[in-house]
2 protein chains.
Amino acid sequence: MHPRIIDTLKRRQLSITDSRKKILELFLERKAALAHADIEQHSGDEFDRVTIYRTLQTFVEKGILHTIPSADNSVKYALCKDACTEGHHHDNHVHFMCDACGITYCLDHVTVPAVQLPPGYQVHQLDLVASGTCIKCQ
Amino acid sequence: MHPRIIDTLKRRQLSITDSRKKILELFLERKAALAHADIEQHSGDEFDRVTIYRTLQTFVEKGILHTIPSADNSVKYALCKDACTEGHHHDNHVHFMCDACGITYCLDHVTVPAVQLPPGYQVHQLDLVASGTCIKCQ
DNA sequence: ACACAAATGCAACTTTGTTGCAAAATAAAT
DNA sequence: ATTTATTTTGCAACAAAGTTGCATTTGTGT
Ligand SMILES: [Mn+2]
Ligand SMILES: [Mn+2]
Ligand SMILES: [Zn+2]
Ligand SMILES: [Zn+2]
């Protein structure tokens with residue numbers, strides 16, 4: 001088991017359960033974003049569908065995962081950096097979705113540029129999603 | 001009926017049907033983006049749910065509507081500019097979702113800034129979605 | 001007015017997401 | 001280490017969202 005798992009859960013005062021450990025491990029070993037359906041597939045019938053929904057929701061609330069918007073009605077989830085805490089996310093990096101292999105990457109080192117909006121719009125969050133062909137699919 | 005409706009459909013060689021006229025009119029009179037559910041509500045039981053799905057899909061394919069990504073599993077649709085044609089969208093503007101009123105706006109005059117991605121990533125599309133408080137909800 | 005092609009409505013179905021509650025697992029207290 | 005309290009899980013039942021095939025209707029071109 002990945003050494004960060006217990007620590008990550010404890011720091012958020014979450015009980016250490018099998019499903020949480022396993023789902024967190026999935027995210028730690030794959031580097032890419034995962035959708036609910038991906039997790040359901042990779043965990044077989046180890047947990048109930050409902051447990052996966054609730055675990056993802058908890059992880060987002062506690063700052064362990066962040067969501068990635070998409071135009072195809074399939075929200076993906078990816079690991080946050082340590083800076084994120086309960087209710088305070090700082091995932092201001094660009095995301096990349098590959099049209100060929102379907103993988104979604106967090107480009108942690110590419111920050112979202114500031115944009116000048118018309119006066120009167122107060123921005124709380126900026127999401128920039130790029131799509132195209134990833135480095136493996138060229 | 002809005003004067004642009006017939007023209008818009010004919011230019012894409014689409015048959016002029018009641019549902020297409022009505023759905024297109026909805027988008028033309030409201031300036032904001034609409035989700036499938038919004039259209040279903042505003043059209044009562046005038047058309048079948050399936051017809052709305054198929055109409056939206058056709059409109060996206062033909063360059064009449066574009067989709068707007070979101071992090072809450074609810075795809076919204078908005079009118080394209082005339083530049084968009086079948087299979088070739090040019091909707092490179094910023095979108096704004098208001099947390100208060102829920103309205104999603106196309107900021108047609110705010111273009112998405114270029115970003116420098118790591119080498120090997122070939123970008124086909126860039127989507128920038130801002131969220132916060134809109135001008136009416138301040 | 002007619003023939004052909006395209007779009008619609010309906011039904012049946014699949015997939016996705018939600019909720020309440022009893023049972024099981026985890027954490028805290030003794 | 002046991003017991004108690006709290007939290008999480010699985011199940012069932014449900015609601016919402018999206019898909020597909022096919023007969024009927026509507027629209028288009030002659
Ligand atoms: Mn990310
Ligand atoms: Mn737009
Ligand atoms: Zn790829
Ligand atoms: Zn608003």
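Just so you know, these numbers come straight off a predicted model, no measurement behind them. Proteins come first, then strands; the chains are lettered A, B, ... in the order of their sequence lines, and each starts at number 1.
- Of the candidates D/dT9, C/dG9, C/dT8, the closest approach to any side-chain atom of A/S19 belongs to D/dT9.
- A distance-only check finds no donor-acceptor pair linking the side chain of B/R12 to the backbone of B/E86 [under 3.5 Å].
- What separates CG of A/N73 from P of D/dA16 is a distance of 17 Å, to the nearest Å.
- Taking 4.0 Å as the cut-off between side-chain N and carboxylate O, A/K81 and A/D91 do not count as a salt-bridged pair.
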Protein within reach of the bases, or only the backbone? For nucleotides 19-30 of chain D, mark each nucleotide 5' to 3' as B, S or -, using heavy atoms under 4.0 Å.
BBB-----SS--
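- Here the C1' atom of nucleotide D/dA17 and the CG atom of B/D48 are 14 Å apart, to the nearest Å.
- When the P atom of C/dT8 is taken as reference, atom NZ of B/K22 falls 14 Å away, rounded to whole Å.
- The interatomic distance linking B/D45 (CG) with C/dT8 (P) rounds to 16 Å, in whole Å.
- Neither OP1 nor OP2 of D/dT9 sits under 4.0 Å from any side-chain N or O of A/T51.
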Can A/H88 and A/H90 be said to form a side-chain hydrogen bond (donor to acceptor under 3.5 Å, both in side chains), step by step?
CA-CA 7 Å; A/H88 290 281; A/H90 304 279; 5.5 Å; no
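- Whole-Å rounding puts the B/H36 NE2 to D/dG18 P distance at 7 Å.
- In this pair, B/H66 and B/H95 present their aromatic rings tilted. The plane angle is within the 30 to 60° band.
- In the helix from C/dA1-D/dT30 to C/dT30-D/dA1, the rotation axis of the first five pairs and that of the last five pairs differ in direction by 40°, rounded to 10 degrees.
- Classification of the B/H36-B/Y53 ring pair by plane angle, with boundaries at 30° and 60°, yields parallel.
- As a whole-Å value, the separation of B/D72 CG from C/dG17 P is 12 Å.
- With sequence neighbours excluded, the residues satisfying side-chain hydrogen bond (donor to acceptor under 3.5 Å, both in side chains) with B/E46 are B/K22.
- Counting only heavy atoms from C-beta outward, the side chains of B/Y77 and B/I39 never approach each other to under 4.5 Å.
- Atom OH of B/Y77 is separated from atom P of D/dG18 by 7 Å (rounded to the nearest Å).
- When rounded to the nearest whole Å, the span between CG of A/L9 and C1' of C/dA27 equals 14 Å.
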